[in-house]
Amino acid sequence: MDLRKIAISLEKEICTKHNEKPKATPKRDSIDISCCCEEFKTKLINKMSSEINKQVENELNKAFKGFGK
């Protein structure tokens with residue numbers, strides 16, 4: 001899983017209330033998010049979870065692609 005790619009994607013978001021960008025730092029197996037407010041952080045966490053799920057699903061599809069033949 002490429003947490004760095006997800007962190008870059010999160011850093012492109014802008015808070016609608018404060019017009020600020022977050023700081024997303026990939027750690028060993030998670031991403032540390034620093035931002036202006038809890039509402040924006042919740043939005044970013046939801047996006048992060050969605051992106052992680054997409055990456056996991058893509059990796060599983062690649063792994064099992066060869067088994068169907």
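Predicted model, so just to flag it, every value in this text is computed and none were measured.
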If you look only at pairs with a residue in residues 51-62, which of them pass as a salt bridge (charged side-chain N to carboxylate O under 4.0 Å, His left out), with sequence neighbours excluded?
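The answer is E51-K54, E59-K62.
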
How long is the gap from OG on S9 to CD1 on I31, to the nearest 0.5 Å?
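If I round to the nearest 0.5 Å, the distance is 9.0 Å.
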
Euclidean distance, S34 OG relative to K41 NZ, rounded to 0.5 Å
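One gets 6.5 Å once the value is rounded to the nearest 0.5 Å.
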
Where is the tightest heavy-atom contact between I6 and I52, given as atom of each residue plus distance?
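Residues I6 and I52, closest heavy atoms: CD1-CG1, 3.6 Å.
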
Which heavy atom in L44 sits nearest to a heavy atom in L10, and how many Å separate them?
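Closest approach of L44 to L10: O-CD2, 3.6 Å.
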
Exercise answer: donor-acceptor pairs, residues 13-28 side-chain atoms, under 3.5 Å, sequence neighbours excluded:
residue	atom	partner	partner atom	Å
E13	OE2	K47	NZ	2.6
K17	NZ	E39	OE1	2.8

Who passes side chain to side chain contact (heavy atoms under 4.5 Å, CB included) against D2, sequence neighbours left out?
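Only R4, K5, Q55 meet the side chain to side chain contact (heavy atoms under 4.5 Å, CB included) criterion with D2.
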
Main-chain N/O of N46 paired with S50 side-chain donor or acceptor, under 3.5 Å
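Absent.
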
Are side-chain heavy atoms of K12 and I8 found at a separation under 4.5 Å?
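In short, these two side chains touch, coming nearer than 4.5 Å.
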
